[in-house]
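Beneath this line is the structure, given in structure tokens, with notes to follow.
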4 protein chains.
Amino acid sequence: MPRLTPERRETKRAEIVAAARRCFSRDGFHQTSMPDIAAEAGVSAGAAYRYFAGKDEIILAIAGDAFRLVFSPIEQLAAGTSAVSVADLVTASLEVLSAETVTDAAGHEVPVEELLRCAVQTWSELLRNDAARAHALEGFESVRGGIASALRRGQEAGVVAPALEPERGARVVMGLLHGFLLQRVAFGLTDTTGFNDDIRTLLEDPGEPDTTRR
Amino acid sequence: MPRLTPERRETKRAEIVAAARRCFSRDGFHQTSMPDIAAEAGVSAGAAYRYFAGKDEIILAIAGDAFRLVFSPIEQLAAGTSAVSVADLVTASLEVLSAETVTDAAGHEVPVEELLRCAVQTWSELLRNDAARAHALEGFESVRGGIASALRRGQEAGVVAPALEPERGARVVMGLLHGFLLQRVAFGLTDTTGFNDDIRTLLEDPGEPDTTRR
Amino acid sequence: MPRLTPERRETKRAEIVAAARRCFSRDGFHQTSMPDIAAEAGVSAGAAYRYFAGKDEIILAIAGDAFRLVFSPIEQLAAGTSAVSVADLVTASLEVLSAETVTDAAGHEVPVEELLRCAVQTWSELLRNDAARAHALEGFESVRGGIASALRRGQEAGVVAPALEPERGARVVMGLLHGFLLQRVAFGLTDTTGFNDDIRTLLEDPGEPDTTRR
Amino acid sequence: MPRLTPERRETKRAEIVAAARRCFSRDGFHQTSMPDIAAEAGVSAGAAYRYFAGKDEIILAIAGDAFRLVFSPIEQLAAGTSAVSVADLVTASLEVLSAETVTDAAGHEVPVEELLRCAVQTWSELLRNDAARAHALEGFESVRGGIASALRRGQEAGVVAPALEPERGARVVMGLLHGFLLQRVAFGLTDTTGFNDDIRTLLEDPGEPDTTRR
DNA sequence: CATGAATGAGCATTCATTCAT
DNA sequence: TATGAATGAATGCTCATTCAT
């Protein structure tokens with residue numbers, strides 16, 4: 001039997017992750033058994049243990065992905081060098097909620113529906129799993145830093161209010177995404193078109209109405 | 001030991017719920033066993049079954065509370081008749097994140113930390129539990145309706161932008177709360193002071209800077 | 001509270017037994033809980049323990065009745081002094097399978113359907129419960145003795161073959177009843193009319209066929 | 001420890017069945033726990049669930065065997081083509097009560113004592129378990145049909161009374177076996193030798209043959 | 001005496017994990 | 001390497017029995 005090449009190993013690992021994601025999305029982290037995952041991946045019950053130390057490690061892998069990938073569109077935008085407005089950021093941020101798939105670090109397409117359903121479950125894990133929380137916090141800060149940088153670039157370019165504290169602004173954007181994400185997966189409120197305007201209108205000064213809008 | 005008065009029954013039920021909430025907050029829904037709950041409540045393993053049909057029913061009771069109580073400050077504000085601005089709503093909405101306790105329907109004080117940790121876990125349940133989702137959706141719509149009403153009153157009073165679609169504005173407010181809630185319990189980002197301003201600033205037209213702020 | 005008179009005590013005990021018999025007949029000995037019996041009898045869970053030491057004692061009471069009452073018609077016939085033929089005995093024996101009710105020692109009417117269903121379950125208990133087996137064996141021997149006596153009287157009167165060993169003949173009669181009893185309750189084969197003739201025909205010498213029959 | 005060959009699987013399944021039969025025979029269906037069975041079989045608590053969906057399925061397997069095997073000697077006789085008399089049938093039928101073991105469909109020797117004790121318990125199950133009853137009824141009818149066929153062959157050969165209705169005669173034979181079976185396991189009345197004669201004598205016309213009958 | 005709430009041991013079943021093949 | 005049978009601890013739940021009121 002030929003040594004398992006690193007590539008084949010990685011491929012198989014990814015297959016197990018993808019199978020686990022399907023199971024988790026469908027049945028939940030805790031209602032999914034290791035045999036379930038193995039069966040979904042088309043491997044034996046024991047095989048998964050050659051790629052992961054245990055169920056927790058699979059959850060962690062999924063959770064890391066789920067937490068981070070949700071922000072992948074906005075991260076890409078933020079990683080650029082062009083001047084972006086807040087509206088651009090919010091729009092990019094909510095974009096993931098309407099997409100069919102996103103692409104993970106290894107280049108695999110991940111169905112957004114699965115991703116989001118896993119993301120919400122991930123949040124529960126963060127409460128009790130120190131490793132997961134540390135990992136997620138790192139991702140959170142990384143995304144926040146990226147958004148903050150973009151906001152700073154926007155301020156320099158004059159398309160973002162100079163009074164905005166970038167780190168805090170980034171938190172708002174991320175919070176909004178999480179909130180709408182939850183509304184979508186838990187309640188089926190998939191429509192996020194126009195929310196950028198809604199948000200702006202919401203906070204608008206009522207006295208000086210529409211002259212500057214849109 | 002016959003004749004449990006309805007009041008005593010309710011008290012005991014509430015004790016079990018409170019114990020379950022402590023366990024769930026500490027260990028998670030699925031890592032908490034019925035014996036754990038019973039022990040925390042100081043009752044025998046079988047006793048809980050006189051008050052709840054099973055573990056799911058306890059989870060449901062907690063989840064219902066958790067989902068709804070998070071909005072209790074804003075619901076109270078919205079239920080009033082005074083004209084409130086968006087800033088008032090957002091402030092009230094985020095208030096729960098800094099409070100120590102909130103009061104549930106039966107008048108019991110519920111520690112906010114526990115409440116929020118249960119709330120996040122509730123979200124995971126919504127994905128797979130039809131009863132919980134239906135229940136939560138009802139709560140969601142009720143809160144949304146209340147906030148929308150308050151926004152309409154604000155529009156009539158001239159303190160909310162007339163262009164705002166109230167139902168959509170309410171979704172934004174609720175989404176923000178959920179997003180910040182997650183940031184607090186998952187990452188320890190408890191500080192929400194000033195976020196009202198941040199949000200406003202975030203969306204501000206950069207061209208007309210500081211004249212209207214703070 | 002007035003002392004419970006022995007009569008009232010006996011009445012209540014009988015009510016519990018009757019309730020237990022209904023439960024046992026419907027759900028089986030082991031699928032019936034003490035609360036079930038109490039509820040069926042309209043008393044509290046604890047009350048039954050004033051009349052019976054525990055569930056086993058109730059089963060024993062039912063079992064004793066069930067085992068014995070099945071033979072009550074044949075016992076009555078055997079207890080008489082008239083000369084009875086084997087056909088009379090078999091007929092009387094199977095009679096209980098077509099009756100609606102039989103009357104127990106205390107004069108209560110007991111539905112035969114319930115009685116038979118409990119009787120079959122009783123047999124299982126005999127295998128493991130020494131007290132029940134001893135009790136039943138005593139009843140068995142008593143009935144067998146009665147039938148044997150009747151057979152002896154029949155032999156004296158010339159209506160029973162003199163070569164028959166009465167004790168063994170009685171076993172055959174009793175075995176037949178048990179066999180047909182099982183066929184009725186387990187398979188719904190309620191028809192036992194004419195089986196007397198069948199039995200006779202079955203064992204008839206085929207060489208001297210039909211000249212005298214029917 | 002991969003790849004359980006179908007034969008080994010069947011062997012192990014049979015071992016569990018045999019262990020369960022020992023437990024059931026000793027302690028009863030409902031007093032035997034799954035761990036009891038597993039321990040008796042020398043396997044772990046969970047292992048049994050790879051071979052049976054649950055306890056009920058084990059009971060059903062035992063019950064099916066127990067109900068059917070009791071008739072195996074008479075079925076073999078009836079399955080033949082030779083002309084058999086009623087006496088032959090009854091003798092064969094009761095034979096099982098004196099045997100040490102019988103051989104099941106898979107060729108395993110089953111101790112008769114265990115078999116009979118399980119058979120009696122099976123009868124209780126028939127009252128409440130529709131699947132078991134349907135299964136047993138099928139077996140019952142099959143055996144009855146076999147015996148009836150043998151009786152018809154006997155009639156053709158002139159060794160069975162032509163007036164006998166074979167289906168009814170078969171019921172009598174089966175009823176007798178069940179009755180004597182119960183007497184053996186419940187009361188230790190193991191002796192069935194000569195009962196064939198007893199039965200015949202029992203129904204024999206006493207001194208003055210047929211002139212007085214009916 | 002009766003009540004019925006409480007107890008707590010016991011049970012069927014599941015499942016993460018191991019390891020012989 | 002991969003397999004999948006086996007393990008055995010853990011869990012949710014039931015129920016016979018007790019006893020404070």
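These figures come from a predicted structure and were not determined experimentally. Values reported hereafter were calculated over all heavy atoms of this structure, with side chains retained and with hydrogens, waters and symmetry mates removed. Per chain, numbering begins at 1; letters A, B, ... match sequence-line order.
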Distance check: side-chain N/O of [X] vs OP1/OP2 of [N], anything under 4.0 Å?
{"X": "S44(A)", "N": "dT3(F)", "result": "yes"}
{"X": "Y51(A)", "N": "dT1(F)", "result": "no"}
{"X": "K12(A)", "N": "dT1(F)", "result": "no"}

Atom [atom1] of [X] and atom [atom2] of [Y]: how far apart are they, to the nearest 0.5 Å?
{"X": "R128(C)", "Y": "R26(D)", "atom1": "CZ", "atom2": "CZ", "answer": "12.5 Å"}
{"X": "F24(C)", "Y": "L127(D)", "atom1": "CZ", "atom2": "CG", "answer": "13.5 Å"}
{"X": "L126(D)", "Y": "R117(C)", "atom1": "CG", "atom2": "CZ", "answer": "10.5 Å"}
{"X": "R21(D)", "Y": "H108(D)", "atom1": "CZ", "atom2": "NE2", "answer": "9.5 Å"}
{"X": "N129(B)", "Y": "L60(B)", "atom1": "CG", "atom2": "CG", "answer": "6.0 Å"}
{"X": "D27(B)", "Y": "D36(B)", "atom1": "CG", "atom2": "CG", "answer": "6.5 Å"}

As a quick check of understanding, evaluate side chain to side chain contact (heavy atoms under 4.5 Å, CB included) for I58(B) and Y51(B), giving each step before the final call. CA-CA 9 Å; I58(B) 301 185; Y51(B) 298 88; over 6 Å; no
Using modelled atom types only, decide if a donor and an acceptor are shared between the side chain of E40(A) and the backbone of C23(A) within a distance under 3.5 Å.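 No.
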[X] side chain: which of [options] is closest?
{"X": "V43(D)", "options": "dA2(E), dT7(F), dT13(E)", "answer": "dT7(F)"}
{"X": "A45(B)", "options": "dT7(F), dA9(E), dA9(F)", "answer": "dA9(E)"}
{"X": "K55(B)", "options": "dT3(E), dT3(F), dG12(F)", "answer": "dG12(F)"}
{"X": "R50(C)", "options": "dA6(F), dT7(E), dA2(E)", "answer": "dA2(E)"}

Taking [atom1] from [X] and [atom2] from [N], how many angstroms apart are they, rounded to a whole number?
{"X": "I58(D)", "N": "dA12(E)", "atom1": "CD1", "atom2": "C1'", "answer": "11 Å"}
{"X": "R9(B)", "N": "dT21(F)", "atom1": "CZ", "atom2": "P", "answer": "19 Å"}
{"X": "E57(B)", "N": "dG12(F)", "atom1": "CD", "atom2": "P", "answer": "15 Å"}
{"X": "E15(C)", "N": "dA2(E)", "atom1": "CD", "atom2": "P", "answer": "12 Å"}
{"X": "Y49(D)", "N": "dA12(E)", "atom1": "OH", "atom2": "P", "answer": "6 Å"}
{"X": "D56(A)", "N": "dC15(E)", "atom1": "CG", "atom2": "C1'", "answer": "14 Å"}

Checking side-chain polar atoms at under 3.5 Å, does H30(B) have a donor or acceptor matched by the opposite partner on E125(B)?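 Yes, E125(B) and H30(B) have a side-chain donor paired with an acceptor closer than 3.5 Å.
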Nucleic acid contacts of residues 20-35 of chain B, taken as heavy-atom distances under 4.0 Å to DNA chain F: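 Nucleic-acid contacts, sorted: T32(B), S33(B), M34(B), P35(B).
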Search all heavy atoms of I59(A) against all heavy atoms of F29(A) and return the closest pair with its distance. CG2-CE1, 3.7 Å
Paired runs of 3 or more consecutive Watson-Crick or G-U pairs involving DNA chain E, with both pairing distances under 3.5 Å, are E:2-21 with F:2-21
What's G46(A) touching, base or sugar-phosphate or nothing? Going by heavy atoms closer than 4.0 Å.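 Answer is base: heavy atoms of G46(A) come under 4.0 Å of a base.
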Contact class for F52(B) vs. all strands (heavy atom < 4.0 Å): base, sugar-phosphate, or nothing? nothing
Could you check A47(B) against G42(D) and say which one's nearest nucleotide on DNA chain F is further toward the 5' end? G42(D)
